[in-house]
Structures are given as C-alpha cells and as structure tokens.
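The block underneath contains the structure these notes are about, expressed in structure tokens.
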Amino acid sequence: MTQVLAKYGWNDQKVKGFRAALLDWYDQNKRDLPWRRTRNPYYIWISEIMLQQTQVATVIPYFERFIKALPTIEALANVDEQELLLLWQGLGYYSRARNLKVAAQQIMEHHQGQMPQTMPELLKLKGIGPYTAAAIGSMAFDLVEPAIDGNLLRVTARIFELDADISKPSSRKIFAEILYELIDPERPGDFNQAMMDLGATVMTPTNYYPEDSPIKAYDQSFINETAALYPVKKKKIKNTKHQMLAYRIQDLKGSVLYRQHTADELLTGLWHYPIFEYDIVLDSATEDELLTPLEDYFEQLGLGALKLKLMMNPSQMIVALPKVKHVFSHRTWNLQVVPVQLEDDLQALIAGSQGLTTTASDQEHPISTLQQKLQARWEGVNR
DNA sequence: AAGGCGGGGGC
DNA sequence: GCCCCAGCCTT
C-alpha cells in the first residue's frame, strides 16, 4: 500500500496520521463555498471550470448567476452562445464557456444527460483534462483520484522535499505516484479539497514558515526550513528576438577591430566584431543611421570622432551579406554584418585600450561560434 | 513541446 | 508597470 511512500520513510501509521491531521483541519476550517454545499456533479463541474486560472472570490458571483440561468446540463446544452458568453463575460478564457456547451451536448448525446462517472469518460468531454476529471470524480463520485493542481504540486513538493521540476510533464508521474498512496480512499474528494485549501490559505507560494500548518509535523520542508526551495520550477524564459549589427571595421592597412565582451554581456571574455542592437528598418537605413551606434561607441571610449564610412551602401549590403542567426537559450540574435572603412590607423588608435585588439582568431584571443559564423559569412562573400 | 487564451493578484 | 499564474486545447 505504501510502496512509493516507504521510500520516503513513511509507514502506514504515518500515512493515517497525516490524513487525520489534514481532514480534521479541513473539517474545522473549510471555506463555505456554494459548490461545496452540494454533491451535484453539474455544479461541481461548472465551479471547477470557472476556477481554472481564476480566483475563488471572483468565481462565486459568476457561479451563482450561471446555475440560476442554466440549472441543468440540458439547459446548458441548448443555450444560445451569446447568452452563454454574457454569463461568462469578464471571467476570461472564453473557450472554457464554449467547451462547456460542447461537453453538455456530448453528455446529452452519449450519457442520457447524466454526468459520466468514470475517469476515461470524463476525460473525453471537451474542456475536461486530468485535473478537472479527478476533481469531479473524487468530489461527486468518490473516485480515488488525486486532483493535481498547482496547490497540490506545491504542498506535495514541500512535504517530501521533491526536487522534480514541476514544469516538466515527466515530473507529473512522480507526484501522481505519491498522491495515489497519500489520498484518503475513504474521503478522496475531501482530501483533494483539503490539500487545495491548505495550499491556498496556509502553505501559500510565499509563506515559508507556516506555523499554523496542521501537517507541519509531516512536512519535511518545514522541519528542515527549506520550504522556500519548493516547488522546483524551471523559469519559463521566452526566447526573445533581437536585431543586431556586427561591424567589421577595417583600416587602410587591412587591420580589423575586435572587442572583448565584458562580464555584463553574453559570451563574456570572447572576442567579436563590435555588436550593437538596433531598432531601425535596415532596408531603408541611411549611412548615418548605420554608423551612429558605432560613433557613439567610439565617443564613449574617448577615441573621439573617427573617419568612418560604409564599404557598401545599405541596400547592397543587405543583398550581398545574408544575415547571421545565433540562438542562445533565452534569446535569438539576427545579425547583419556591416563592413566599415576606417581612415585612421587602427593599431595606433587602440594602443593601450583594454579589451580591443586587431589580432583576434589567433591563439591568444578566443572567439565564439557566433564570431566564427560572422567571419565565415564575410569571407564567403569576399572569396 | 510550445504557444494561446484573459483577467486578476503580487511585487 | 511588470511578472506570474500548472489547465486545457491546438499546432
């Protein structure tokens, strides 16, 4: 019975003690919510869909109004779409409402208007996924299924100090295995709601020292004061796109300028053509616009005003020098090589300057894959 | 596996 | 003002 929990040092007695502590607390402290006054599966269904990504306090008035207007599955199956959306207006995620109607029609057609009572059948209904099926199944039909939402993930991760990344689908299995053994088979619906209430009111995302937790004696992260570490969740970093200009600056002797990336930049310590982000439209850029970032840079270095000019006009450049794309884990650079002619003597100019050189891609100055791509692109064109 | 959905709450 | 939010569907 406790094959998985045994690995965490839990025996049957500890499991029983945990359930008792949790459910006693729930019986004393459960919130009085409209859908908790009933076992009507339709009400539970509507409330669970409304509660997805939406807070309890927001849902309550919507729920009351909804079941008054559409008191049965049959009424929902036949409702006019505009009327349905008026009932949902302001809740957001409007496909939830449209899915409700489709599911109601599925129930009318395949289940004689009665909410199905098994997990596979519930999961076939539009808008009902693993969480919602388990919530309805356990609360309305006593199915012994953990309803794993964000609260259960957080609470479970803390109790067992689980390092599994909850943002990975594969981690779901680890939580489910544990919760199938932890859930009280006598009161599965109350167990789920107790865990959710606990997560929503006591073991919240930022309350790391819940002295009033009814299960703190069972909570390894409370005992070890590690609650702040759980749950482990990989930051969802969205990959942003950036337009960059990479200047290939050459003087009359043929020396080319490289600069070393500093600690506050990507590719720290490696040598590159000077690279700057830009937000101009390349196709219609003037020579001035293209050279301005570079002039600003030299100004900053204290090298003063230099004699710079483009070696190609912008439109020529765009055609002759295809863009180089470089993908980091969290951002993508689309780089345009900009060849620039410098009248001044580069070596004399940068003598004594830290982080600038004319001799990169030798054995002393490491260059990145990005820089290799930039050079290859340039040399490919000038072969 | 990633992106879209919509509004509210936390910081 | 920005960031985040674990539910489900679609691509």
Side-chain angles (χ1 to χ4, degrees), chain A residues 35 44-63 65-66 81 84-107 119-139 145-160 162-179 192-193 195-208 210 227-228 230-241 327-332:
Chain A
W35 48 90
I44 293 171
W45 173 34
I46 301 302
S47 71
E48 287 302 333
I49 299 297
M50 286 185 171
L51 286 164
Q52 288 171 12
Q53 318 294 84
T54 310
Q55 305 239 326
V56 168
T58 307
V59 164
I60 290 173
Y62 280 90
F63 174 81
R65 189 177 63 166
F66 193 96
E81 171 142 332
L84 176 64
L85 290 175
L86 282 172
L87 289 167
W88 209 266
Q89 188 175 76
L91 264 188
Y93 282 106
Y94 296 93
S95 62
R96 288 186 296 176
R98 283 187 288 271
N99 289 342
L100 272 179
K101 177 175 175 173
V102 172
Q105 291 170 329
Q106 289 177 291
I107 296 170
M119 287 293 283
E121 289 171 317
L122 286 167
L123 286 166
K124 285 194 185 113
L125 299 175
K126 191 89 165 168
I128 294 186
Y131 163 77
T132 309
I136 297 169
S138 65
M139 293 175 202
E145 296 282 344
I148 306 176
D149 73 344
N151 287 311
L152 263 79
L153 287 171
R154 181 175 60 257
V155 168
T156 308
R158 286 186 181 168
I159 293 171
F160 296 94
L162 298 178
D163 292 316
D165 181 348
I166 65 167
S167 67
K168 283 164 53 178
S170 55
S171 300
R172 240 197 89 83
K173 224 176 65 186
I174 294 167
F175 286 82
E177 274 181 352
I178 289 173
L179 286 166
N192 282 329
Q193 295 185 82
M195 290 282 277
M196 287 188 242
D197 270 18
L198 187 65
T201 63
V202 179
M203 293 174 69
T204 63
T206 53
N207 183 12
Y208 304 130
Y230 302 97
V232 174
K233 180 165 36 176
K234 194 186 68 204
K235 272 240 174 61
K236 198 194 307 182
I237 320 158
K238 52 179 162 198
N239 191 308
T240 52
K241 295 190 185 340
V327 180
F328 300 96
S329 58
H330 60 308
R331 62 181 59 204
T332 299

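Lettering of chains follows the sequences in order, A, B, ..., and the numbering in each one begins at 1.
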Rounded to whole Å, please give me the gap between [atom1] in [X] and [atom2] in [N].
X       : N      : atom1 : atom2 : answer
L91(A)  : dC5(C) : CG    : P     : 21 Å
D165(A) : dA6(C) : CG    : P     : 14 Å
I60(A)  : dG7(B) : CD1   : C1'   : 17 Å
N151(A) : dC5(C) : CG    : P     : 13 Å
I49(A)  : dC8(C) : CD1   : P     : 7 Å
Y94(A)  : dG6(B) : OH    : P     : 7 Å
M50(A)  : dG6(B) : CE    : P     : 15 Å
D149(A) : dC8(C) : CG    : C1'   : 14 Å

When the [atom1] atoms of [N] and [M] are considered, how many whole Å apart are they?
N      : M       : atom1 : result
dG8(B) : dC9(C)  : P     : 24 Å
dG6(B) : dT11(C) : P     : 15 Å
dA6(C) : dC11(B) : P     : 14 Å
dG3(B) : dC4(C)  : P     : 15 Å

What's I148(A) touching, base or sugar-phosphate or nothing? Going by heavy atoms closer than 4.0 Å.
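If one applies the 4.0 Å heavy-atom cut-off, I148(A) turns out to touch nothing in the nucleic acid.
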
Side chain of [X], heavy atoms from C-beta onward: which of [options] has the nearest atom to it?
X       : options                 : value
K126(A) : dG8(B), dT10(C), dA6(C) : dT10(C)
T54(A)  : dG6(B), dA6(C), dG8(B)  : dG6(B)
Y131(A) : dG7(C), dA6(C), dG8(B)  : dG7(C)
R98(A)  : dG6(B), dC8(C), dC9(C)  : dG6(B)
R172(A) : dA6(C), dG7(C), dG8(B)  : dA6(C)
T206(A) : dC11(B), dC5(C), dC8(C) : dC11(B)
Q53(A)  : dA6(C), dG8(B), dG7(C)  : dG7(C)
P130(A) : dC8(C), dA6(C), dC5(C)  : dC8(C)

So which nucleotide does dG6(B) pair with, by the Watson-Crick or G-U wobble rule with both distances under 3.5 Å?
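Because no pair has both required distances under 3.5 Å, dG6(B) counts as unpaired.
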
Side-chain heavy atoms of [X] within contact of [Y], under 4.5 Å:
X       : Y       : value
E48(A)  : I128(A) : no
W35(A)  : V59(A)  : yes
L153(A) : F175(A) : yes

Scan side-chain atoms only and decide if N99(A) and R96(A) contain a donor-acceptor pair under the 3.5 Å cut-off.
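No, no side-chain donor-acceptor contact under 3.5 Å.
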
Could you report the tightest heavy-atom contact between S167(A) and K233(A), atom names first, then the distance?
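Reported closest heavy-atom pair: CB-CG, 4.4 Å.
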
Would you say T204(A)'s side chain and T201(A)'s backbone share a donor-acceptor pair under 3.5 angstrom?
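No; judged by distance alone, with no hydrogens or angles, the pair does not exist.
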
Y93(A) or Q55(A): which one's nearest nucleotide on DNA chain B is closer to the 5' end?
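Taking each residue's closest nucleotide, the earlier one in sequence belongs to Y93(A).
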
Is the phosphate of dC5(C), meaning OP1 or OP2, less than 4.0 Å from a side-chain N or O of K233(A)?
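True: K233(A) side-chain N/O within range (under 4.0 Å) of dC5(C) OP1/OP2.
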
